[in-house]
Amino acid sequence: MSESPATAGHHGAGEPLWRHFAMAGIVAALLVPFVFFFSPMRLIEARLYDLLSVVSPPALEEWGAVVVAIDEPSIGEVGQRWPWPRQIHAKLVESLRAAGAKTIVFDIVFADPSTEEADAALAKALGPDVVLAADDVTTLLSQGVQVTRVSPLDAFLDAGAAAGVASVDLDGDAYLRRMPRMRDSLAGEALRLSGEPRPAAPEGALIQYLGPAYTYPRASYYQALDPANFLPPGFFRDRIVLVGLSLKQATSADIGTPDAFPTPYTVTENTLTPGVEVQANILDNLRHGLYVLPVPPLAMAVLVVAGAFLAAAFSTHGVTWRTGLAALFVLGFFIVGAWALLRFERVWAPPALPVAAALAVFGTRFGLDYARERHLRRTVSEAFSRYLSPELVARLARDPSALKLGGERRNLTILFCDVRGFTTLSEKLKDEPERLTTLINRLLDPLSEAVLAEGGTIDKYIGDCVMAFWNAPLPSPDHPLRAARAAMRMLEAVKTLNAELRQEQGEDAPVFAIGVGINTGDCVVGNVGSRWRYDYSVLGDTVNLASRLESLSKEYGVSIVLGPATAQALQEHFVLIELDRIAVKGRTEKSAIFTIVAPADQRRDPALAELAELHPTLLDTIGAGKRVEALELVRHCQTLAPSLSNYYRKLMVKAASIPE
């Protein structure tokens with residue numbers, strides 16, 4: 001099936017496909033310079049190497065060296081402070097040679113003379129099967145870098161011993177990961193003397209450590225002095241023996257020493273590795289080709305680009321829960337891939353920057369989608385806020401599932417507000433539709449504002465009529481009072497608008513008046529309509545009665561007509577009078593309808609107090625057919641409440657029609 005023109009080249013995120021990959025290109029372009037120029041990234045990559053290189057390290061059938069450790073037990077047995085007299089080292093060489101050692105390697109620099117007797121004893125014991133440590137000392141000078149070679153005493157070299165450089169290069173975080181760069185390294189010389197010459201590791205090669213500290217087979221120095229009594233037979237036969245410091249107190253991560261180093265295993269084991277054991281790892285790295293080569297910067301740049309574009313490919317349909325799985329897959333792909341290359345190909349491709357590129361693309365895609373969603377929600381909220389209460393808009397934004405067909409039964413207060421004389425005005429302005437529309441909009445705007453200000457929901461506009469309700473969708477315990485306050489606000493808004501129009505247009509300006517009907521009762525409220533269109537609205541007899549009350553406001557000459565339940569709820573808040581009793585659908589008895597005369601704080605006004613007392617008598621008199629008494633009471637009540645003069649004029653006509 002072919003794509004339609006409207007969707008071709010677009011995806012779920014609503015953008016052309018090229019934009020996704022353009023975004024990936026921008027992210028890659030920002031991160032590629034980190035490959036070449038950003039030193040802190042090297043430390044992050046180095047720490048990742050620490051973590052991955054210790055996972056399932058290579059297992060050797062036979063260790064390349066045996067360690068003779070100058071440790072605390074040996075110092076105790078020898079009974080002398082370090083450094084020891086060189087006669088003791090001479091005795092060790094003779095003992096190891098007698099035990100069948102192939103090559104004896106001292107990770108100790110004998111650069112300074114001691115006593116003539118001790119130096120002569122050691123020189124006599126040395127031979128072509130012994131390697132002594134040398135050291136390259138690097139000094140930073142203003143004019144450059146000076147490297148000074150510190151070699152063993154000439155007498156020891158003249159005796160046939162070889163010199164191997166034991167110097168190591170630490171990374172910026174003081175961890176030891178780099179293979180020695182010199183050809184005559186201590187481990188390299190040990191292999192040469194053993195008949196296994198190996199070329200030096202390439203520039204930048206990394207050490208693959210075979211285990212944490214104390215992994216290599218080892219014997220204490222004092223045991224090696226007398227292997228027949230302390231060690232198994234053949235322990236040193238045909239082996240390379242590395243002799244060096246391995247003090248316990250110098251192998252914790254908290255105590256430093258020149259001959260113990262942080263290695264990748266320091267991260268997991270929290271220990272330092274003795275320098276002599278580092279040399280054993282370097283020796284096996286050279287012998288078996290276990291050292292690891294970092295990929296060149298250009299290849300890393302390609303991986304960064306690949307990471308960005310792979311993430312872009314997975315996020316072309318926008319950010320969903322599947323995108324989260326894709327992000328985890330990409331993360332795992334680069335990390336597991338880096339480990340597999342390291343373990344099986346001896347190549348180190350740091351996953352930090354490719355993963356950062358992928359996550360940056362995913363994050364950018366998420367940020368753009370989030371911003372688009374926020375913009376969409378804001379647009380929808382602004383559109384809905386034109387006719388729904390802010391509370392409903394907020395609820396719909398939080399829970400879009402509320403937009404479905406169906407409803408619930410609730411006790412609501414319904415308000416209908418209609419413009420008086422609108423038909424006449426429409427006829428008068430039939431040749432000026434723009435002016436008519438402007439006028440009605442100027443009126444409906446403050447009427448709607450009055451509803452929303454009291455927390456109501458505008459259900460709909462029916463021509464010049466506004467329908468609103470309270471206590472849905474969110475609860476409002478005082479909903480009758482809020483509806484009444486909204487009605488009072490509407491009356492004030494109409495007065496203000498009339499004054500503005502009179503000031504703008506003079507005596508020919510239209511004069512607006514409104515009638516309001518308010519009723520309280522049980523309704524069905526919810527989304528009413530079809531699958532294609534629906535409104536959040538109310539249904540029920542309560543609504544019908546509210547509409548009828550609004551139409552009765554003109555008949556009774558008042559601005560507000562209240563249903564019985566509404567009036568009962570407002571007794572403490574307003575001065576009310578009963579207008580009449582009307583027949584209500586579903587009831588045999590007539591129901592009283594009311595209007596608002598004044599706020600409750602004016603109840604103590606003598607005129608209102610007298611009106612409240614006389615008005616029920618007036619209605620009873622009219623009901624009893626007492627014409628004279630009714631006319632007299634109507635005239636008196638009219639003087640007490642001038643605002644109800646239209647209502648009392650209608651009562652006057654009704655009273656006058658009573659037969660004598």
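- Screening L272, L170, T273 for a side chain to side chain contact (heavy atoms under 4.5 Å, CB included) with F261, the sole residue that qualifies is L170.
- Heavy-atom contacts from other residues, nucleotides or ligands closer than 6.0 Å to CZ of R287 number more than 12.
- The CG atom of N281 lies 8.5 Å from the OH atom of Y265; values are rounded to the nearest 0.5 Å.
- Enclosure of atom CG in L298 is not indicated, since only 12 or fewer non-hydrogen atoms of other residues, nucleotides or ligands lie within 6.0 angstrom.
- Looking at residues two or more places apart in sequence or on another chain, you find no salt bridge (Lys or Arg N to Asp or Glu O under 4.0 Å) involving R183.
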**Message:** Pair Y221, L92 - check side-chain contact (heavy atoms from CB on, under 4.5 Å), show working.
**Reply:** CA-CA 8 Å; Y221 194 103; L92 177 69; 3.3 Å; yes
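- Partners of R343 by salt bridge (Lys or Arg N to Asp or Glu O under 4.0 Å), not counting sequence neighbours: none found.
- Remark: R218 CZ to Y216 OH distance equals 13.0 Å, nearest 0.5 Å.
- Residues forming a salt bridge (Lys or Arg N to Asp or Glu O under 4.0 Å) with R239 (at least two apart in sequence, or on another chain): none.
- A salt bridge does not link K102 to D129: none of the charged side-chain nitrogens sits closer than 4.0 Å to a carboxylate oxygen.
- Within the 4.5 Å cutoff, no side-chain heavy atoms of V243 are placed close to those of V276.
- With respect to the salt-bridge test (charged N to carboxylate O, under 4.0 angstrom), the residues E45 and R42 do not qualify.
- Checked against a 6.0 Å centroid threshold, the rings of H89 and F156 do not count as neighbours.
- Residues A111 and V150 come closest through the heavy atom pair CB-CG1, 3.5 Å.
- Remark: R47 engages D50, D173 in a salt bridge (Lys or Arg N to Asp or Glu O under 4.0 Å) (not counting sequence neighbours).
- Two residues are said to be in side-chain contact when any heavy atoms from C-beta on lie closer than 4.5 Å; V105 and I240 meet this criterion.
- Atom CG of D184 and atom CG of D136 lie 7.5 Å apart (nearest 0.5 Å).
- With sequence neighbours excluded, the residues satisfying side-chain contact (heavy atoms from CB on, under 4.5 Å) with A299 are V295, P296.
- Annotation: the span from L60 atom CG to L290 atom CG amounts to 6.0 Å, rounded to 0.5 Å.
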**Request:** Please report the C-alpha distance between T263 and R177 in whole Å, then the side-chain angles of each, then the deciding distance to 0.1 Å, and finally whether the side-chain contact (heavy atoms from CB on, under 4.5 Å) criterion is met.
**Result:** CA-CA 7 Å; T263 68; R177 304 181 185 91; over 6 Å; no
**Prompt:** Run the side-chain contact (heavy atoms from CB on, under 4.5 Å) check on L342 and V347 step by step: do they pass?
**Reply:** CA-CA 5 Å; L342 185 153; V347 172; over 6 Å; no
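- A side-chain donor from one of D459 and S537 sits under 3.5 Å from a side-chain acceptor of the other.
- Within the 4.5 Å cutoff, the side chain of P264 has heavy atoms near those of the V54 side chain.
- Here the side chains of V241 and F235 are not in contact, with every heavy-atom distance at 4.5 Å or above.
- The shortest distance between side-chain heavy atoms of L247 and I75 falls below 4.5 Å.
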**Request:** Please report the C-alpha distance between I104 and V131 in whole Å, then the side-chain angles of each, then the deciding distance to 0.1 Å, and finally whether the side-chain contact (heavy atoms from CB on, under 4.5 Å) criterion is met.
**Result:** CA-CA 6 Å; I104 303 167; V131 181; over 6 Å; no
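- A heavy-atom distance below 4.5 Å is found between the side chains of P227 and S95.
- Annotation: side chain of V93 is in contact with side chain of F106 (closest heavy-atom distance under 4.5 Å).
- Going from atom CG of L293 over to atom CE of M179 covers 10.0 Å, rounded to the nearest 0.5 Å.
- Among residues two or more places apart in sequence or in another chain, the side-chain contact (heavy atoms from CB on, under 4.5 Å) test is passed with L325 by W321.
- Between atom CD of residue E62 and atom CG of residue D284 there is a gap of 9.5 Å, rounded to the nearest 0.5 Å.
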